[in-house]
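Here the structure is laid out as structure tokens; the discussion comes afterwards.
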Amino acid sequence: MQIDINLQEKSYKVFINELKKISLDTKVAIVTNPTVSALHLDTLLGKIAASECFVITIPDGEQYKNFETINTILEECFTHRLDRKSVLIALGGGVIGDMTGFVASIYQRGISFIQVPTTLLAQVDASVGGKTGINNKFGKNLVGAFWQPRAVYCETEFLKTLPKREFSAGVAEMIKMAVTFDKDFFEWLELNSLHVEKNLQYAIEKCVKIKADVVSRDEREEGIRAVLNYGHTFCHVIENETNYSTYLHGEGVAIGMVLANSLANRLDLLSVEEGKRIQNVLEKYDLPTSYTIASAEKFYDSFFLDKKSANKKIKFILPKGIGDFAIKDDISKDVLLEILQ
Ligand code: NAD
């Protein structure tokens, strides 16, 4: 299956289970980490034909998604004398993809890169759409660029080695897309298991199509792309309160969706029964759906640290029934405190 991301001269394809050969008449550097390289680097190397190919290995973990690692990758690129025609290949999850893309956007004012995502989250979300970047002491993904890859290759084979929790974290992002954009897909998720290979491929295709459509309409998140942040406004506060160490991002999104659903219910956008159905699908994949809020006031104040809160307004993406969404940035503090309490 091939899915087009239509962005005029920046258009590209996402290939799902179609990675046969990547032939490039240039120097190539694969960026990966020790975990992924031990499992999947040989498979990828067997599929690359390039004039020269190097591997750049960086440490594994979100805590290394910073300027220091970017500098390490850049220095390797200079040491190997990559030129403006060279291509970087990201082999790994969202952390590797975001950093490789960012280096590609700045190395010699921008070179080409390819995404080979190896986590479910990266296949259905992070690898598509050209958001690249790193974290700093002020927060997550605060430094970066929009820089589209020239191709994305999603191989379900790579997902077979993924730890169960990481798999479920990716599922959370899939549920997010179904709830806000596609009622039929949500009903399909209720009835089918993603632990069945053919179902998994079908669902990845569905999500990439949703993401492709959204990104093609709004590359820079000036409108509809923000809908992909359903659950994230709550999630970012939870991640912050728990020092990014208790929950994987997808797990935080799962809790965030449940909280957003309570708010949607309070505003008569979502029924209790619909909220319960969403929670059931999250629980089917052992995703967390509750969180103890120590202080509603403190939680509320933390909303304003989010880089997506503009002019002191907090933007909430809420489900409108299942398969549709509402964007609200005028919810009163009283209503929010009521939900948080
Ligand atoms: P990750 O990249 O940290 O990968 C999770 C863990 O799984 C890592 O330890 C990794 O080494 C390991 N791993 C990767 N592939 C594996 C495999 N096939 N088998 C076994 N282990 C494997 O985390 P992630 O969830 O993929 O990505 C999260 C990152 O993505 C965050 O930094 C987030 O900000 C970013 N993100 C970006 C976008 C975007 O649009 N650019 C969207 C969503 C998330």
Side-chain angles (χ1 to χ4, degrees), residues 5 14 31-44 57-66 69-70 90-102 104-105 113 115-136 139-149 152-174 176-177 200 207-208 210-212 214-215 218-221 225-232 235-236 239-240 244-245 247-254 256 287 307-308:
I5 313 294
V14 180
V31 182
T32 188
N33 69 33
T35 315
V36 179
S37 117
L39 295 163
H40 302 299
L41 180 62
D42 285 348
T43 307
L44 181 64
T57 308
I58 57 172
D60 183 4
E62 181 79 34
Q63 69 273 33
Y64 298 105
K65 193 176 152 181
N66 56 25
T69 311
I70 292 297
L91 176 70
V95 169
I96 291 284
D98 280 10
M99 281 200 286
T100 308
F102 186 44
S105 78
F113 85 113
Q115 291 270 20
V116 183
T118 60
T119 63
L120 184 56
L121 183 140
Q123 294 197 355
V124 297
D125 198 353
S127 67
V128 180
K131 274 193 191 174
T132 74
I134 52 167
N135 311 324
N136 67 11
K140 274 190 77 180
N141 299 324
L142 292 181
V143 178
F146 284 95
W147 192 252
Q148 300 295 337
V152 181
Y153 293 92
C154 301
E155 294 290 299
T156 48
E157 188 62 30
F158 289 146
L159 303 178
K160 290 190 174 147
T161 56
L162 205 56
K164 186 172 164 286
R165 256 184 94 190
E166 295 287 352
F167 183 88
S168 292
V171 175
E173 302 281 5
M174 301 171 99
K176 166 196 88 178
M177 293 186 198
L200 180 61
C207 292
V208 173
I210 292 171
K211 181 114 193 218
V214 169
V215 170
D218 176 23
E219 182 191 3
R220 289 179 164 255
E221 199 169 309
R225 189 163 178 175
V227 176
L228 295 170
N229 297 323
Y230 163 45
H232 285 62
C235 167
H236 289 150
E239 285 183 320
N240 203 283
Y244 299 91
S245 57
Y247 301 107
L248 298 176
H249 177 66
E251 294 173 336
V253 171
L287 285 158
K307 67 178 180 296
K308 278 154 190 145

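We count ligands from 1, going down the list as the structure has it; atoms in each ligand are counted the same way. Positions are given from 1 along the sequence.
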Relative to the heavy atoms of [X], which atoms of ligand 1 are at a distance of less than 4.0 Å?
X	answer
Lys211	40 (O)
Lys65	31 (C), 32 (O), 33 (C), 34 (O), 35 (C)
Val36	11 (O), 13 (N), 14 (C), 15 (N)
Asn141	34 (O)

Practice prompt. Applying side-chain contact (heavy atoms from CB on, under 4.5 Å), run through His40 and Val116 and close with a yes or a no.
Written response: CA-CA 11 Å; His40 302 299; Val116 183; over 6 Å; no
Residue pair [X] / [Y], side-chain heavy-atom distance below 4.5 Å:
X	Y	answer
Ile58	Val31	yes
Asp125	Cys207	no
Lys131	Arg225	yes
Leu120	Met174	yes

Worksheet item: Just checking, is any N or O donor in the side chain of Asn240 or Lys140 under 3.5 Å from an acceptor N or O on the other one?
Response: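 Their side chains do not contain a donor-acceptor pair, so the 3.5 Å distance test is not met.
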Fill in: Side-chain donor-acceptor contact under 3.5 Å, Gln63 with Asn135
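On atom types as modelled, these side chains do not qualify, holding no pair under 3.5 Å.
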Purely on distance, is any nitrogen or oxygen of [X] under 3.5 Å from one on ligand 1?
X	answer
Lys131	yes
Gly94	yes
Asp60	yes
Thr119	yes
Leu121	no
Val95	yes

Minimum-distance protein heavy atom relative to [atom]:
atom	answer
atom 6 (C) of ligand 1	Glu166 OE2, 3.5 Å
atom 35 (C) of ligand 1	Asp98 OD2, 3.4 Å
atom 31 (C) of ligand 1	Glu62 OE1, 3.2 Å
atom 18 (N) of ligand 1	Phe158 O, 2.8 Å
atom 19 (N) of ligand 1	Thr161 OG1, 2.7 Å
atom 22 (C) of ligand 1	Leu162 CD1, 3.7 Å
atom 21 (N) of ligand 1	Pro163 CD, 3.9 Å

If you measure from each non-hydrogen atom of [X] to ligand 1, which part falls under 4.0 Å: side chain, backbone, both or neither?
X	value
Leu39	side chain
Asn135	neither
Thr118	both

Worksheet item: When you look at Lys65 and Asp98, which way does the salt bridge (Lys or Arg N to Asp or Glu O under 4.0 Å) test go after all the steps?
Response: CA-CA 8 Å; Lys65 193 176 152 181; Asp98 280 10; 2.9 Å; yes
Worksheet entry | Straight-line distance of Glu239 CD to Leu248 CG, nearest 0.5 Å |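 Going from CD on Glu239 over to CG on Leu248, the span is 9.5 Å.
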Worksheet item: Which distance, rounded to the nearest 0.5 Å, do you find between the CH2 of Trp147 and the OG1 of Thr132?
Response: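 Going from the CH2 atom of Trp147 to the OG1 atom of Thr132 covers 9.5 Å.
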Practice prompt. Check the pair Ile96, Asn33 against side-chain contact (heavy atoms from CB on, under 4.5 Å), reporting the backbone distance first and the verdict last.
Written response: CA-CA 8 Å; Ile96 291 284; Asn33 69 33; 4.1 Å; yes
Practice prompt. Could you tell me if any non-hydrogen atom of His40 lies under 4.0 Å from any atom of ligand 1?
Written response: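 His40: in contact with ligand 1 (<4.0 Å).
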Fill in: For Leu121 against Ala169, the heavy-atom pair lying closest together
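Smallest heavy-atom distance, with atoms named: CD1-O, 4.2 Å.
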Item to complete: Write down the atom of Ala122, the atom of Gly93, and the distance for their closest heavy-atom approach.
Response: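 Looking at all heavy atoms of both residues, the shortest contact is CB-C, 3.8 Å.
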Worksheet item: Any protein heavy atom lying closer than 4.0 Å to atom 12 (C) of ligand 1?
Response: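 Within 4.0 Å: no protein heavy atom nearby.
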